[in-house]
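Data first, discussion second: the structure below is written as structure tokens.
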Amino acid sequence: MGAGKSEEKKTKARVKMREQAPLERAGNFMEVPYGYTSDEAVEEANRCLTCLRPACRNGCPVEVDIPSFIKLIKDGKFIEAAWKVKEKNALPAVCGRVCPQEIQCESLCILGKKGEPVAVGNMERFVADYEAEKGEIKVPEKPKPTGRKIAIIGSGPGGLTCAADLIKSGHQVTLFEALHKPGGVLIYGIPEFRLPKAIVEREVEYIKELGVELRLNTVIGKLYTVDELLNEQGYDACFIVTGAGLPIFVGIPGENLNGIYSANEFLTRANLMKAYLFPEYDTPIKRGKKVAVFGGGNVAMDSARVALRLGAKKVYLIYRRSEAEMPARKAEVHHAHEEGIEFVFLTNPTRFIDDGKGNVCGIECIKMELGEPDQSGRRKPIPIKGSEFQIEIDVAIPALGTRSNPLLSSTMPDLKLNKRGYIVAEEGTGMTSKPGVFAGGDIVTGSATVILAMGAGRKAANAINEYLKWKYWDVSNLPKS
Amino acid sequence: MFKILKKEELSDLVTLFEIDAKDIARKAKPGNFFVLRINEQGERIPLTIADFDRGKGILTTVFQKVGKTTHLLGSLNAGDFISDIIGPLGKHSPIEKFGKIVCVGGGVGIAPIYPIARALKEAGNTVISIIGARTKDLIFWEEKMRNATDELIVTTDDGSYGRKAVVTVPLDELLRGDKDIGLVIAIGPAIMMKFVCITTEKYNVKTIVSLNSIMVDATGMCGACRVEVGGETKFACVDGPEFDGHKVNFDLLMARQRMYPEEEKIALEKYKEKMEVK
């Protein structure tokens with residue numbers, strides 16, 4: 001009987017987070033899941049088998065000590081659990097909400113072999129929110145100043161992580177941000193209902209309390225060049241983590257008609273500029289009745305769900321492959337389904353239709369079928385001849401990724417770029433062809449995730465610490481292109 | 001926060017601000033623009049850099065009250081603050097020795113054409129300028145323009161001041177009479193720039209225009225400002241704002257400028273109601 005009981009314990013289902021009902025939430029911008037209560041967090045923590053050799057840690061790009069913080073939750077030490085997470089992750093409330101845990105820590109959880117893995121993300125979110133709610137934010141003691149100054153260009157997740165690490169090493173850190181608010185994609189890109197802006201502000205406030213200087217409205221490359229930072233303003237090193245670049249449009253006729261937004265623009269208007277509160281806020285946004293979003297990533301899901309919340313009667317998510325190939329986080333696809341987004345798979349737009357007044361009023365699409373795997377390992381979609389059909393829409397949002405933004409790199413002729421214009425940087429360190437200049441995140445890898453940018457920020461911080469000791473620059477291992 | 005140091009009403013609708021913006025003034029060049037956001041609820045709008053004083057750290061801008069944001073901006077006074085100013089943005093004008101040049105400024109476009117004309121003259125060019133507006137009240141900086149150029153022609157559509165004509169009339173005469181003119185630079189309403197380009201195309205004279213699209217981030221990230229140049233999609237904020245006018249699809253530019261007619265009306269009406277209550 002004893003064995004049977006432990007078997008039962010092992011296969012217990014994970015504690016679900018309670019959520020706003022789909023139809024209700026589709027009409028507001030409030031966060032979808034409510035988060036765990038203390039009891040729920042402990043119950044979920046108790047599912048953890050406390051493995052002797054825990055694999056989960058290896059799946060975390062910033063090496064959070066997952067077993068230890070789960071143990072602290074089991075013991076009811078929630079504040080201590082939050083501090084444990086923060087030893088490695090300066091943005092726990094963000095990561096608990098937006099990390100693709102299913103392909104990281106949770107994918108390595110032993111429980112996942114037979115049932116559902118431990119909900120690491122949900123618990124991370126819980127401890128971070130608990131700490132903030134109790135107002136017991138612990139700011140570590142200020143280390144002895146080293147007298148070194150570091151410039152970090154971009155205040156997104158990569159920049160914030162690097163800044164937190166370097167300030168803890170005793171350096172003076174300045175975080176430069178081009179927009180009027182800090183947080184990068186966390187502020188302009190990820191919508192309120194998935195990541196409340198108050199939470200981003202809270203985490204940025206923590207970084208400022210650590211001693212990081214934040215300079216908003218500062219476009220590096222325009223207001224100052226990197227050479228000016230290094231040679232005139234006394235910075236010892238510089239980390240470029242400027243993130244997403246120029247949006248990619250579909251490349252089909254009619255793409256500049258009114259009512260067609262890049263996902264970047266649509267989300268920036270809605271999130272950063274709060275256009276969903278127009279006219280209380282001044283930035284307008286077209287509230288489409290029938291909206292088409294193109295793409296299968298997180299940004300496409302976010303765009304579709306924002307369009308729905310702006311009052312669309314119908315939102316089509318048009319993706320050229322099938323559901324299995326969609327790169328979006330599973331929870332987001334699930335939420336989008338629940339809210340009534342209509343997925344149109346194996347379909348590609350071929351042209352936009354003009355209403356005669358310069359506005360988009362429809363799209364022509366073509367059906368696709370999957371052929372052999374391409375470079376990405378996913379099966380390549382091929383158009384089916386003669387399968388064209390039309391859909392009536394009044395807003396279209398291509399969410400097809402970005403290409404590199406040349407704004408900064410064009411002012412640095414001595415910085416090596418690859419064929420696609422991304423900065424060439426060493427994998428483990430972020431070192432570039434220019435001494436003292438490190439780079440990471442989307443401007444190196446192309447579009448990726450919040451946590452990968454944070455991982456790059458962590459690696460760069462370590463490498464900058466090493467560099468400041470020896471001022472030695474060997475980039476013979478730099479990737480060719 | 002950026003402090004307004006001086007305010008000058010150039011007409012009922014056109015306002016000049018001198019703004020304390022040391023670092024931007026230090027880097028500003030003719031042809032650049034900047035973005036501002038007045039307050040927490042504000043939208044981001046691009047404005048032209050009309051002048052800059054690198055020594056004093058002053059940025060000068062001139063704007064016309066059109067929608068809610070520019071009306072609210074125009075209600076601010078010296079001593080008031082603007083929440084956010086971002087710049088200098090965009091590629092600056094090519095300032096080289098070209099020879100003989102005509103600079104055309106229409107309406108509020110007179111402001112940004114001024115530093116360009118001045119720099120081109122300082123670079124050794126012969127600069128003829130045409131400034132025009134709908135009516136006398138909208139003409140400003142006549143003296144500044146006269147001092148910055150070799151010859152100045154002033155036009156108004158209604159004939160209330162200067163010559164009764166649109167700017168393309170004297171431009172056509174100049175191009176017909178003087179084969180040495182090798183470059184025309186025009187800044188003003190899209191419709192004016194379109195007709196300037198139609199005029200100069202006849203004489204095959206290279207023409208640079210500065211495109212005033214709707215923008216949000218203005219650093220290349222959003223694509224709101226996309227324009228069609230030579231059949232290709234370009235971003236006015238990072239690829240421009242100056243382009244070869246003969247390749248620009250002005251009809252598309254004008255259509256895209258009219259993307260939010262209803263929203264603009266709602267915002268302005270709401271603002272005016274609020275002002276009346278006050």
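Everything numeric here is computed off the predicted structure, so don't read it as measured data. Throughout, a chain's letter reflects where its sequence line sits, starting with A, and its residues are numbered from 1.
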Self-check item: Side chain, backbone, both or neither of A:L277 within contact of chain B (heavy atoms, under 4.5 Å)
Solution: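 No part of A:L277 comes within 4.5 Å of chain B.
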
Exercise. Tell me, for A:L216 versus chain B, whether the close heavy atoms (under 4.5 Å) come from the side chain, the backbone, both or neither.
Key: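 For A:L216, no heavy atom lies under 4.5 Å from chain B.
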
Self-check item: Atom of B:K27, atom of A:T225 and distance for their closest heavy-atom approach
Solution: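 Nearest heavy atoms, B:K27 then A:T225: NZ-N, 4.0 Å.
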
Quiz item: In this structure, are over 12 heavy atoms from other groups packed under 6.0 Å from A:K197 atom NZ?
Solution: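 Yes.
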
Practice problem: Nearest 0.5 Å please: distance from the CD1 atom of B:I85 over to the NE2 atom of A:H180. | Solution: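 The NE2 atom of A:H180 is 13.5 Å from CD1 of B:I85, to the nearest 0.5 Å.
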
Quiz item: How many angstroms lie between NZ in B:K91 and CG in A:L407, if you round to the nearest 0.5 Å?
Solution: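 With rounding to 0.5 Å, NZ (B:K91) is 10.0 Å from CG (A:L407).
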
Quiz prompt | Criterion side-chain contact (heavy atoms from CB on, under 4.5 Å) on A:Y188 and B:M221, from CA distance to verdict | solution = CA-CA 11 Å; A:Y188 76 75; B:M221 199 186 79; 3.8 Å; yes

Show me, pair by pair, the donor-acceptor contacts under 3.5 angstrom made by side chains of residues 239-253 of chain A, not counting sequence neighbours?
none

Quiz item: Side chains of A:N256 and B:T233: is there a donor and an acceptor less than 3.5 Å apart?
Solution: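 Present: a donor and an acceptor within the cut-off.
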
Identify which of [options] forms the greatest number of heavy-atom pairs closer than 4.5 Å to chain A.
options	result
B:E40, B:K270, B:R26, B:R37	B:R37
B:V238, B:V216, B:D251	B:V216
B:I45, B:V227, B:L252	B:L252

Practice problem: Please list, in residue-number order, every residue in residues 66-78 of chain B that has a heavy atom less than 4.5 Å from any heavy atom of chain A; write 'none' if there are none. | Solution: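 Hits under 4.5 Å: B:K68, B:T69.
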
Quiz prompt | Proximal to chain A - members of residues 17-25 of chain B, heavy-atom separation under 4.5 Å | solution =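 Residues in range: B:D23, B:I24.
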
Contact part of [X] toward chain A, heavy-atom cut-off under 4.5 Å: side chain, backbone, both or neither?
X	value
B:E262	neither
B:F235	side chain
B:I38	neither
B:R44	both
B:R256	both
B:I214	side chain

Quiz item: Among A:P284, A:P279, A:A275, who wins on heavy-atom pairs under 4.5 Å with chain B?
Solution: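 Among A:P284, A:P279, A:A275, the one with the most close pairs to chain B is A:P284.
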
Practice problem: Name the member of A:L179, A:N359, A:L223 that forms the most heavy-atom pairs with chain B at distances under 4.5 Å. | Solution: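 Of A:L179, A:N359, A:L223, A:L223 has the most heavy-atom pairs under 4.5 Å with chain B.
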
Self-check item: Exam field: side chain A:K286 to backbone B:M259, donor-acceptor pair closer than 3.5 Å
Solution: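 Checked: pair present.
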
Quiz prompt | Any donor-acceptor N/O pair, A:K222 side chain to B:T219 backbone, under 3.5 Å | solution =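 Checked: no pair found.
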
Quiz item: With sequence neighbours left out, which residue pairs that include part of residues 258-271 of chain A fulfil the side-chain hydrogen bond (donor to acceptor under 3.5 Å, both in side chains) condition?
Solution: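 Listed by first then second residue: A:Y261-B:Y260, A:E265-A:R269, A:R269-B:Y260.
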
